[in-house]
Number of protein chains: 2
Amino acid sequence: MSPLDRSLIANLAIFSPLSPAEQDEVIHEARSVRYPKGAAVFEQDTEATSFFVLLHGSLQVVKLTPSGQQVVVRYVSPGELFGIAVQMGRASYPASALAVVDSVALVWPSSAWPTLLARAPGLAGAALHTVGSRLADAHTRVVEMSTEEVERRVAHALLRLVKQSGRKVETGIQIDFPISRQDVAEMTGTTLHTVSRILSAWEDQGLVEGGRQRIVVRDPHRLFMLAERK
Amino acid sequence: MSPLDRSLIANLAIFSPLSPAEQDEVIHEARSVRYPKGAAVFEQDTEATSFFVLLHGSLQVVKLTPSGQQVVVRYVSPGELFGIAVQMGRASYPASALAVVDSVALVWPSSAWPTLLARAPGLAGAALHTVGSRLADAHTRVVEMSTEEVERRVAHALLRLVKQSGRKVETGIQIDFPISRQDVAEMTGTTLHTVSRILSAWEDQGLVEGGRQRIVVRDPHRLFMLAERK
DNA sequence: ACCGCTCTTTGTCGCACTGCAAACAGATTC
DNA sequence: GAATCTGTTTGCAGTGCGACAAAGAGCGGT
């Protein structure tokens, strides 16, 4: 394992409030791990031994129900802190995190948290912000699922993905990792079939452009209108 | 305003890790406010000037959608920390909190947070735990709404209410505050009508006992079976 | 360049649930 | 105790979406 440099984390929102010396302290406890596409960073209901910051790639966080159904909780983008179950008072991870493309993360042992906090007290606040915005997202989703019909939920999900991981391409904005209709279905609480139908209809209207595990939004504004119109 | 004593907070999970001296410091910044039934503790989208701990009563946290629909996010029980929007990095409250019975809360100005943290660093961790368990709840709800049909969602909602605010009565366990079918509908993402039908059916089977703004669960175990059976 | 796998598309059918409507009942007010 | 208000029950008709089925298409492996 090569020694890590603080430049890796200096620009991340979570660590930028820290002084260079503090950043050195923090990075010193970490190691960098590569996860090939498809690999699990951690798995649901296993002991939460580590917490992480994603450096490169994208992760899908999925929750499996007792009856075997799967729900996509969210996608993790580079720079995000994740896997902080222990810090929230849990012994095990509440979901699994899978690499949807080759990815790299910084890994700290959960036991390092108190030490880090002592050295950099601002971290607690940063973690609280992180969890707070996830809570807001989760509530938004609850509200959407309670009040909106499927088509609008899919529109919102797509817009969120574009915002979080959109990459400009010739014909519009593409979601920057492989994502299947099944995945979108599991994000919006519907079926693969319904998602496929909706995307096909949108494609006919020139709103989006589909492909195998690929979605390009050609007209984000019109999609937004569709998502919000009452 | 009468001076507050640390005995008010000594037994609350959030403050119990603090030393008596720290508890004195914390309580010193607070004031106690009474909210009559129906009053708002704070309102959605207003500036988050305060945070709170509930001492007595029950609050309903509701979110209003742009199209005017309402969703019940959760109920707050005595001892809980709430209204910590600022600490999560928000300027305004993301929802409204209404007293469903006469209630009393401790109120701190948001600006007191840094001072409190300096005096009692354990508070940050406590807040993180609080938000963490809310996040877990929200995710549970997302999963339920994605994968379960209405009847099962209502069963789960009732079980959660009973667990959080159940009071033993002669014929079973009663939810300890007035709650209408409409409220249950807004918790489970369905309509008042469907909830009424479901509860009526359950009443015929001797599972629950209804009444105006009143629900008594007569047989929690059978309700649990109904909620979990695949 | 072929084969086989996974992902996607499209059609048909049925039903759980919603939306509308109207009557009913327990609480509250004067 | 009558009047009124708010919350609850119940019936019925309509439908959005899920369940099932089967064919088509892009991609990776040998």
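Numbers restart at 1 for each chain; the letters A, B, ... are given by sequence-line order, proteins then strands. Predicted model, so just to flag it, every value in this text is computed and none were measured.
- The nucleotide whose nearest atom lies closest to any side-chain atom of A:Q213 is, among C:dT8, C:dT6, D:dG18, C:dT8.
- Across all strands shown, B:S180 has heavy atoms under 4.0 Å from sugar-phosphate atoms exclusively, and none from any base.
- A sub-4.0 Å separation between OP1 or OP2 of D:dT10 and a side-chain N or O of B:S200 is present.
- Residue B:T194 places at least one side-chain N or O under 4.0 Å from the OP1 or OP2 atom of C:dT18.
- Note on B:R141 versus B:E144: no salt bridge recorded, every NZ/NE/NH1/NH2 to OD/OE distance being 4.0 Å or above.
- Note: A:F82 and A:F52 have parallel aromatic rings, judged against thresholds of 30 and 60 degrees for the angle between ring planes.
- In the interface, the side chain of B:H193 is paired with the base of D:dT10 through a donor and an acceptor atom under 3.5 Å apart.
- A donor and an acceptor atom, one from each side chain of A:Q44 and A:Y93, are nowhere located under 3.5 Å apart.
- The phosphate of D:dG7 (OP1 or OP2) has no side-chain N or O of B:S196 nearer than 4.0 angstrom.
- Side-chain to base pairing of B:R197 with D:dT10: no donor and acceptor N or O lie closer than 3.5 Å to each other.
- The residue among A:E151 and B:G211 whose nearest nucleotide of DNA chain D is located toward the 5' end is B:G211.
- When only modelled atom types and interatomic distance are considered, B:T188 and B:T190 share no side-chain donor-acceptor pair under 3.5 Å.
- The residue A:R181 sits close only to the backbone: its heavy atoms come under 4.0 Å of sugar-phosphate atoms, none of a base.
- Taking side-chain N and O atoms only, B:T191 has a distance below 4.0 Å to OP1 or OP2 of C:dT18.
- The nucleotide whose nearest atom lies closest to any side-chain atom of B:T190 is, among C:dT8, D:dG7, C:dC17, C:dC17.
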